[in-house]
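Down below is the structure, laid out as structure tokens.
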Amino acid sequence: MKIGIAGGGAFGTALAVALALNGRQVTLWARGGDTVDQIVRFRTNSRLPNIEIPPSVEASTEIAPLLTCDTILIAIPAQTLPGFLAEHRDSLSGKALVACCKGIDLTRMTGPATTIQDVVPGATAAMLTGPSFAADIAKGLPTALTLACGDDAQGQVLQKALSTNSLRLYRTTDTVGAELGGALKNVMAIASGIAIGAGFGESARAALITRGFPEMQRLALQLGGEADTLAGLSGFGDLVLTCTSDQSRNYRFGLSLGRNESFDKTTTVEGAATARAVKQLAQTRKIDMPISTVVADLVDGHTDIRTALDTLLSRPLKEE
Ligand SMILES: NC(=O)C1=CN([C@@H]2O[C@H](COP(=O)(O)OP(=O)(O)OC[C@H]3O[C@@H](n4cnc5c(N)ncnc54)[C@H](OP(=O)(O)O)[C@@H]3O)[C@@H](O)[C@H]2O)C=CC1
Ligand SMILES: O=C(CO)COP(=O)(O)O
């Protein structure tokens with residue numbers, strides 16, 4: 001099976017490297033000529049430093065080679081996913097489309113797999129998500145991920161096609177739970193970064209992670225996800241990784257907010273837009289999402305850190 005990857009960023013390239021090193025034929029599409037040029041000429045990608053890209057990864061800015069693949073992993077930022085799908089809707093119909101992005105789309109208020117289902121109903125929608133930094137995957141370090149596909153027969157095919165010696169995929173049919181776990185943990189990672197950056201300490205971070213988890217579950221369950229999925233790799237697993245590692249861009253973005261420092265605007269920080277989406281969903285669906293709401297307000301400059309902390313600490317005392 002030839003595997004297509006849309007997106008020449010850190011994650012798309014890492015997946016391409018891991019799959020190619022395990023004998024898969026990989027076609028990588030990136031919109032940027034510079035990225036493709038670097039891959040073709042030097043077998044490197046500056047978004048994924050110090051990694052050699054095997055010759056069996058074919059890279060192109062042309063969309064046609066990608067569209068010859070029956071299975072396509074989509075590793076572009078979540079807010080750009082609907083545009084990409086709409087542009088290539090007809091050619092993508094009938095294919096297995098595996099979203100590798102983590103976020104809630106602000107225009108549709110859906111996670112990536114649901115967005116695929118809605119925009120390309122003729123495709124099989126799936127999600128590849130869970131605790132995994134691109135650099136770790138590219139280096140072949142042991143990693144466990146969730147492969148979610150509503151059609152379990154297709155899910156089994158994808159699980160086999162995308163697992164490698166170091167990349168172990170667990171399967172579920174709960175695409176909603178998987179897509180929301182991956183999206184919501186980024187918001188909690190920003191919150192954790194803020195807490196550490198502002199000097200609130202590691203106990204405060206542990207409190208945010210622990211109280212953030214039921215918040216993630218509340219929203220996911222309301223939107224049709226399952227509690228077990230949230231407790232798995234795509235939810236709890238990725239929450240722990242992203243809230244505790246400064247390899248995470250969401251966490252680092254939070255750190256800079258907490259320290260009142262500037263942050264490179266070109267860095268992909270999925271949790272910022274997702275926090276806004278969660279705040280809106282919480283309001284319209286009347287779900288208590290205090291941490292996500294505070295993160296949205298901080299990201300948009302609608303509150304300051306002291307007030308945000310007071311907002312969280314002054315909530316009525318309750319049972320755990
Ligand atoms: N990096 C990681 O460790 C992990 C990332 N992910 C997820 O993968 C997704 C991508 O992240 P990552 O690869 O790290 O991000 P990067 O910032 O490294 O790369 C983003 C890529 O998306 C491309 N892109 C941006 N907008 C569009 C568009 N409209 N159409 C087509 N391509 C576009 C960029 O192209 P250009 O260079 O031309 O702007 C770039 O190649 C995110 O949702 C992230 O959460 C998931 C797990 C791990
Ligand atoms: O999703 C990730 C790890 O699982 C990557 O996190 P960041 O996007 O915060 O870097």
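Just so you know, ligand 1 is whichever comes first in the structure, and atom 1 is the first atom listed for that ligand. Fair warning: this is a prediction, and the values are worked out from it, not measured in the lab.
- The protein atom (non-hydrogen) at minimum distance from atom 32 (N) of ligand 1 is Ile76 CG2, 3.4 Å.
- The protein atom (non-hydrogen) at minimum distance from atom 8 (O) of ligand 1 is Cys100 O, 3.4 Å.
- Of all atoms in ligand 2, numbered sequentially from 1 with element shown, those under 4.0 Å from a heavy atom of Lys102 are 1 (O), 2 (C), 3 (C), 4 (O).
- Side-chain contact of Asp152 with Thr173: a donor-acceptor pair under 3.5 Å is absent, judged by distance alone.
- Residues Thr27 and Ile5 fail the side-chain proximity criterion, which asks for heavy atoms closer than 4.5 Å.
- If you check the side chains of Glu179 and Thr129, you find no donor sitting under 3.5 Å from an acceptor.
- For atom 28 (C) of ligand 1, the nearest non-hydrogen atom of the protein is Arg31 NH1, 3.5 Å.
- Contact annotation: for Leu241 versus ligand 2, heavy atoms closer than 4.0 Å belong to the side chain alone.
- Side chains of Glu215 and Ser292: a donor on one and an acceptor on the other come within 3.5 Å.
- Within the 4.0 Å heavy-atom criterion, both parts of Asn250, backbone and side chain, lie near ligand 2.
- Nearest protein heavy-atom contact of atom 41 (O) of ligand 1 is Gly9 N, 3.1 Å.
- The N/O atoms of Tyr251, backbone and side chain alike, include none that comes under 3.5 Å of an N/O atom in ligand 2.
- Regarding atom 8 (O) of ligand 2, its nearest protein heavy-atom neighbour is Arg249 NH2, 3.0 Å.
- The residue among Arg47, Gln79, Glu87 with a heavy atom at the shortest distance from atom 16 (P) of ligand 1 is Arg47.
- Given atom 29 (N) of ligand 1, the protein heavy atom at minimum distance is Thr80 CB, 3.4 Å.
- Defined by atom type and a distance below 3.5 Å, a donor-acceptor pair is missing between the side-chain atoms of Arg249 and Tyr251.
- Remark: Asp238 engages Lys102 in a salt bridge, criterion side-chain N to carboxylate O under 4.0 Å.
- When all heavy atoms of Leu81 and Cys101 are compared, the closest pair comes out as CD2-SG, 4.1 Å.
- Heavy-atom distances between Glu270 and ligand 2 stay at or above 4.0 Å for every pair.
- Thr307 and Asp304 share a donor-acceptor pair across their side chains, judged by distance under 3.5 Å alone.
- Contact annotation: the side chain of Ile287 never approaches that of Leu281 to less than 4.5 Å [non-hydrogen atoms, C-beta and beyond].
- Of all atoms in ligand 2, listed by their number and element, those nearer than 4.0 Å to a heavy atom of Asp238 are 3 (C), 4 (O).
- The distance criterion of under 3.5 Å between nitrogen or oxygen atoms is not met by Ala75 with respect to ligand 1.
- Proximity of Ser248 to ligand 2, defined as any heavy-atom pair under 4.0 Å, is shared by backbone and side chain alike.
- On a distance-only criterion, Trp29 and ligand 1 share no N/O pair closer than 3.5 Å.
- Under a 4.0 Å criterion applied to the non-hydrogen atoms of Gly8, ligand 1 contributes the atoms 41 (O).
- Protein heavy atom closest to atom 3 (C) of ligand 2, with residue, atom name and distance, is Ser132 O, 3.3 Å.
- Here's the thing with Phe11: one of its N/O atoms is less than 3.5 angstrom from an N/O atom of ligand 1.
- Of all protein heavy atoms, the one closest to atom 48 (C) of ligand 1 is Ser132 O, 3.0 Å.
- With hydrogens left out, the protein atom closest to atom 2 (C) of ligand 2 is Lys185 NZ, 3.4 Å, a heavy atom.
- For the pair Thr35 and ligand 1, the shortest N or O to N or O distance does not fall below 3.5 Å.
- Using 4.0 Å as the threshold, Phe133 has a heavy atom nearer than that to some atom of ligand 1.
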| task | Apply side chain to side chain contact (heavy atoms under 4.5 Å, CB included) to Ile72 and Cys69, showing your working. | result | CA-CA 6 Å; Ile72 300 179; Cys69 304; 4.3 Å; yes
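- By heavy-atom distance, the residue among Lys102, Arg249, Glu270 lying nearest atom 5 (C) of ligand 1 is Arg249.
- Shortest contact from atom 3 (O) of ligand 1 to any protein heavy atom: Ala134 N, 2.8 Å.
- When only modelled atom types and interatomic distance are considered, Ser248 and Asn250 share no side-chain donor-acceptor pair under 3.5 Å.
- Between the side chains of Thr229 and Asp174, at least one donor N or O sits under 3.5 Å from an acceptor N or O.
- Distance check, rounded to the nearest 0.5 Å: CD1 of Ile104 to OG1 of Thr274 gives 5.5 Å.
- Remark: the Lys279 side chain and the Thr293 side chain contain no N/O donor-acceptor pair separated by less than 3.5 Å.
- A donor-acceptor pair shorter than 3.5 Å cannot be found between the side chains of Thr44 and Glu52.
- Between Gly130 and ligand 2, at least one pair of N/O atoms sits closer than 3.5 Å.
- Across the listed options Gly7, Gly32, Pro77, Pro77 owns the non-hydrogen atom lying nearest to atom 22 (O) of ligand 1.
- At the top of the distance list for atom 17 (O) of ligand 1, counting protein heavy atoms only, stands Thr268 OG1, 2.5 Å.
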